[in-house]
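Everything on this sheet refers to the single structure shown next.
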Amino acid sequence: MKLRQRCDHVNALYSSISAQGINPYFRPIAKTWGTEVEVDGKRLVMIGSNDYLGLSHDPRVMDASARAVYDWGTGPGGSRFLSGNMVLHHALEERLAAFVGKRHAVVHVTGFSTNMGALGVLITPADTVICDRENHASIFEGIKNTRARLVTFAHNDAAQARKRVEDAKAARPDGDVFLITEGVFSMSGELAVLDELAAIKTDHPDIVFYLDDAHGLGVFGRGGRGAADHFDITDKVDFIMGTFSKSLASIGGFIAGDDEDMLRFLRYQSRTQIFSAALPAANTVAVLTCLDILEREPERVDHLHAITLRMRQAYKDIGLRIGASASPIIPIIIGSDEKAFQFSRALFEAGVFALPAVYPAVPRGQALIRTAYMSTHQDRQLDFVLSVLDRLSREFGVRECDMAEDMDAVCPDGDAAEASGRSRLSYL
């Protein structure tokens, strides 16, 4: 398909949803208070942010970041490889490595570029990559550029992953085998079965175990040290990747590991680092300050889990289909793309900000509303969101009992719904 045809296809979709008034994307936010935002003069409760700990509006983080601008300026003036490297970057790398339980780390300017750069350096065409099929797009893009053999396994199916690893080792003994997963999956909110995957590494210590923990850092583990710490398998993971744009209230990413030679190799060879401007001082200091707060106030993570536990149960009581979410990310499974767009618009009109995820972010026919909660959400905001969701779920017919084929399903009208966990879509 030629460029013009591809553009026409996307623009036709854009025109269709815009004409119906249901285009939710690239909506400009005029002001934000973290848990609430202003859009088109309307104030809404935000339940679509990855700022899980609410630190982007913590006065300590904002003040430290502002001071860094006066100390270091607004931009780095170059890549880290040339003129943009700062002592702040090295201090942050030391702190991050220690925080996630590794010896060394390399900071990049975005999370996407971290995966692109790291995987592009570590993997060669002779290698085989065994990848959870629900992994983030940045992982697949990074692998694609290496021309390695890519083999996926069914989501969170450790037995199939083991079989894929063993087959790859037998078929291509001269190359490395990489096993790659996320710690927390960004659409379903599920935790990876890291304990089971770590057992594969135990039995096959020569494979390379790579963990993208973008949504696990600051959320799971002791004081937010991540999904590997949560499962106590940090020593089994060769590389831990994380981002700053979620719990650490900034932008950027890092890759951490124990092998100093490999991390130096990555530092000098990662093209997304060498050819990108360095992380600005204000962003770097913001992350350092967030780490200070996390180490002093680990109860923030506990409070986050208390909120998400409450909301997860409330979703089930309403009868919403939420898959197997175990994190602050709680999807509301809708089904059709059009209904997801309409539901998102209705949420907006009612005062709630949450956006739909449709194909290709999710499989066809499995569109959802991606909701995510923060440790700074207040009870009044949560009560309001639940009242809106209860009303709209009935209006749109998206409760478990509304969509279940089982005629015995019972709609919840006050009692907890037994049916809410029965219908589980394939990709969740």
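As the structure is a computational prediction, the values presented were derived from the model and not from experiment.
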message: Could you check whether Ser56 and Asp51, counting side-chain N and O atoms only, form a donor-acceptor pair closer than 3.5 Å?
response: yes

Exercise: identify the closest heavy-atom pair between Leu150 and Ile143: CD1-CD1, 4.0 Å

- line: On a heavy-atom basis, the closest approach of Ala68 and Ala282 is CB-CA, 3.9 Å

- prompt: Any donor-acceptor pair under 3.5 Å linking the side chain of Lys201 with the backbone of Ile207?
  reply: yes

- prompt: Are any of the side-chain nitrogens in Asp167 or Lys163 under 4.0 Å away from the carboxylate oxygens of its partner?
  reply: yes

task: Kindly give the heavy-atom pair with the smallest separation between Val193 and Ala158, and that separation in Å.
output: CG2-CB, 4.2 Å

message: Looking at every non-hydrogen atom in both residues, tell me the closest pair between Tyr52 and Leu304 and how far apart they are.
response: O-CD1, 3.4 Å

- prompt: Between Asn85 and His90, does a side chain to side chain donor-acceptor pair (under 3.5 Å) hold up when you go through it step by step?
  reply: CA-CA 8 Å; Asn85 198 41; His90 292 268; 2.8 Å; yes

query: Which heavy atom in Phe209 sits nearest to a heavy atom in Asp238, and how many Å separate them?
result: N-OD2, 2.7 Å

message: Under 4.0 Å between a side-chain nitrogen and a carboxylate oxygen: does that hold for Asp40 and Lys42?
response: no

Asp383 with Arg380: basic N within carboxylate O range, under 4.0 Å: no

- prompt: Is any NZ, NE, NH1 or NH2 atom of the basic residue among Arg162 and Asp203 found under 4.0 Å from an Asp or Glu carboxylate oxygen of the other?
  reply: yes

query: Where the side chain of Asn23 meets the backbone of Phe341, is there a donor-acceptor pair that is under 3.5 Å apart?
result: no

message: Determine whether a donor-acceptor pair (N or O, by modelled atom type, separation under 3.5 Å) exists between the side chain of Ser79 and the backbone of Ile274.
response: yes

- request: Describe, in one word, how the ring planes of Tyr210 and Phe239 are oriented to each other, choosing from parallel (under 30°), tilted (30 to 60°) and perpendicular (over 60°).
  value: tilted

query: Does the ring of Trp33 carry Arg43 above it, NZ/CZ under 6.0 angstrom from centre and within 45° of its axis?
result: yes

message: Show the nearest heavy-atom pair for residues Ala228 and Leu211, with the distance to one decimal.
response: CB-CD2, 3.9 Å

query: Any chance the side chains of Asn145 and Glu141 put a donor and an acceptor closer than 3.5 Å?
result: no

- prompt: Does a donor on one side chain and an acceptor on the other come within less than 3.5 Å for Asp292 and Thr289?
  reply: no

task: Determine, for Glu166 against Lys169, whether the closest basic-nitrogen to carboxylate-oxygen distance falls under 4.0 angstrom.
output: no

query: Is the distance between the ring centroids of His136 and Phe185 under 6.0 Å?
result: no

- prompt: If you measure only the distance, is there a donor-acceptor pair under 3.5 Å linking the side chains of Ser270 and His108?
  reply: yes

task: Please say whether the positively charged group of Arg267, taken as NZ for Lys or CZ for Arg, lies over the ring of Phe81, i.e. under 6.0 angstrom from the six-membered ring centre and within 45 degrees of the axis.
output: no

- prompt: Does the side chain of Asp212 come under 3.5 Å of the side chain of Asn135 through a donor N or O and an acceptor N or O?
  reply: no

message: Check for me whether Arg164 meets the cation-pi criterion with Phe153, that is, NZ or CZ under 6.0 Å from the six-membered ring centre and within 45 degrees of the ring axis.
response: no

